[in-house]
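Step one of this worksheet: look at the structure below.
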Amino acid sequence: MSKKEAKKLGGAATSIRAETAKKPVYKTIVGSPYIIQWPKVHAELGQTILTHLLKALEPIGKYRQKCKVDKRSKKTATETMDKPEIYDRVHIGINQVTRYLEKYIESQSQKEVLIYICKREIKPLKLCEHLLYMAAVAKVKLIPMPADSEQQLGKTLDLHKASVILVEAVENKEDSLLFDAKQVPMVEAPWLRNSIGELPKYETNYVKTIETTVPIVTKRKTTEEQASSNKKAKTEPQTQNKKAETEKQTK
């Protein structure tokens, strides 16, 4: 066996020992009560919501496609198709939705606002987590969409993708969207209620204990300690011999 192979085997053995040599420890974690949970939507309802939303947004996609064709053929504005009525009530993208919610909260508007978010496709999720808190303050429905919804919504809207969509729903026009939204729970944030005139409630801390493991670290002796232990090992036989000789002389 060559030296390189021996080194590799030695390194593998060390790594195995490092992985196995662990002991269980228990750590206490104080959980914060100020964590907002995403609304839960079961799979069947999620697919229904997606189907109704795609149908509602379909006129916008067709209008955008027609505008692109007309632009290439240099047609005049009078020859293009009419803008869909829902067009100005739909806001697409994280930045657009954030700006809309800022104005909505300031104006304390009473419009029926629905936010559809493809949180499974947004990486990292921190990019859109602020919408969760804004929806809680604005008291609007935030609806997580099923997996792979981002591409389907983008295709319907004639866009590359659409991860966040806000719709100002109107009765007798988007009844299916409003009906679906009633089955989705509101985003709850009790400590934010003070900003809209209600007293906040006291929230207790949540203390958790988790089990984890830490590697067992063997303390290595320093050079001085090693030298002293070697010296002690050498002197011990000499002292024992001296003791034996003194015992013989006394006898």
Side-chain angles (χ1 to χ4, degrees), residues 36-42 45-64 67 81-122 125 127-146 149-150 152-154 156-159 161-200:
I36 300 179
Q37 300 295 330
W38 288 91
K40 293 181 180 179
V41 180
H42 59 82
L45 176 59
Q47 289 300 325
T48 305
I49 292 170
L50 178 60
T51 303
H52 291 160
L53 182 60
L54 290 172
K55 188 177 179 181
L57 299 176
E58 194 175 356
I60 297 176
K62 289 180 178 178
Y63 174 74
R64 290 173 63 88
C67 288
M81 66 184 292
D82 294 333
K83 186 190 294 185
E85 192 274 333
I86 195 177
Y87 188 89
D88 293 326
R89 293 188 284 108
V90 174
H91 305 267
I92 305 163
I94 295 173
N95 293 336
Q96 270 198 38
V97 173
T98 301
R99 285 194 291 268
Y100 179 92
L101 285 176
E102 286 173 351
K103 293 176 183 177
Y104 183 90
I105 293 167
E106 288 177 5
S107 63
Q108 296 183 352
S109 179
Q110 299 299 319
K111 293 177 182 178
E112 287 285 349
V113 172
L114 307 174
I115 303 171
Y116 301 90
I117 182 164
C118 306
K119 72 182 190 74
R120 290 176 176 84
E121 282 81 36
I122 299 174
L125 191 58
L127 290 171
C128 64
E129 274 188 348
H130 64 283
L131 297 176
L132 195 60
Y133 292 83
M134 295 182 81
V137 175
K139 280 194 170 183
V140 298
K141 288 289 180 79
L142 184 69
I143 305 169
M145 301 301 289
S149 298
E150 187 180 49
Q152 294 184 59
L153 291 167
T156 303
L157 290 165
D158 194 36
L159 297 170
K161 59 182 180 180
S163 56
V164 182
I165 297 171
L166 183 146
V167 180
E168 294 176 14
V170 178
E171 287 185 14
N172 302 322
K173 291 181 180 178
E174 288 85 37
D175 287 338
S176 59
L177 299 183
L178 292 169
F179 178 77
D180 294 337
K182 287 178 182 178
Q183 301 176 64
V184 179
M186 291 288 292
V187 180
E188 292 294 334
W191 65 92
L192 293 174
R193 290 179 187 171
N194 196 27
S195 62
I196 51 176
E198 296 180 12
L199 292 174

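Note that these values count all heavy atoms, side chains included, but never hydrogens, waters or copies made by symmetry.
Counting heavy atoms from C-beta on, the side chains of Leu177 and Tyr116 come closer than 4.5 Å. At least one side-chain heavy atom of Gln47 sits less than 4.5 Å from a side-chain heavy atom of Pro146. In this structure, Leu101 and Leu166 have side chains that are in contact, with non-hydrogen atoms separated by less than 4.5 Å. Ile117 is not listed as a side-chain neighbour of Ser149, based on a closest heavy-atom distance of 4.5 Å or more. A heavy-atom distance below 4.5 Å is found between the side chains of Val184 and Ile49. Side-chain contact check for Asp88 versus Lys83: some heavy-atom pair is nearer than 4.5 Å.
In terms of heavy-atom proximity, Val113 sits nearest to Tyr104 at CG2-CE1, 3.5 Å. Here the closest heavy-atom approach between residue Leu54 and residue Gln152 is recorded as CD2-O, 3.7 Å. Here the closest heavy-atom approach between residue Pro185 and residue Pro39 is recorded as O-CB, 3.8 Å. In terms of heavy atoms, Glu150 sits closest to Glu121 at OE1-CB, 3.3 Å. Residues Ala56 and Ile86 share a closest heavy-atom pair of O-CD1, 3.9 Å. The shortest heavy-atom contact between Thr98 and Met134 is O-CE, 3.6 Å.
Interatomic distance, Gln37 CD to Glu188 CD, rounded to the nearest 0.5 Å: 11.5 Å. Atoms CH2 and CG, on Trp38 and Leu131 in that order, are 7.0 Å from each other to the nearest 0.5 Å. Atom CG of residue Asp158 and atom OH of residue Tyr63 lie 12.5 Å apart, to the nearest 0.5 angstrom. Separating the CG atom in Leu132 from the CD1 atom in Ile36 is a distance of 5.0 Å, to the nearest 0.5 Å. Separation of atoms NE2 (His42) and OG1 (Thr48) is listed at 8.0 Å; rounding is to 0.5 Å.
Tyr100 meets the ring-ring contact (aromatic ring centres under 6.0 Å, His included) test with His91; sequence neighbours excluded. The ring-ring contact (aromatic ring centres under 6.0 Å, His included) search around Phe179 returns none, not counting sequence neighbours. Remark: Ala162 engages Ile92, Leu153, Leu157, Ile165 in a side chain to side chain contact (heavy atoms under 4.5 Å, CB included) (not counting sequence neighbours). Residues forming a side chain to side chain donor-acceptor pair (under 3.5 Å) with Thr51 (at least two apart in sequence, or on another chain): none.
Sorted by first then second residue, the side-chain hydrogen bond (donor to acceptor under 3.5 Å, both in side chains) pairs that include residues 171-181, not counting sequence neighbours, are His52-Asp180, Glu85-Lys173, Arg89-Glu174. Annotation: salt bridge (Lys or Arg N to Asp or Glu O under 4.0 Å) contacts involving residues 95-116, sequence neighbours excluded, comprise Lys111-Glu168.
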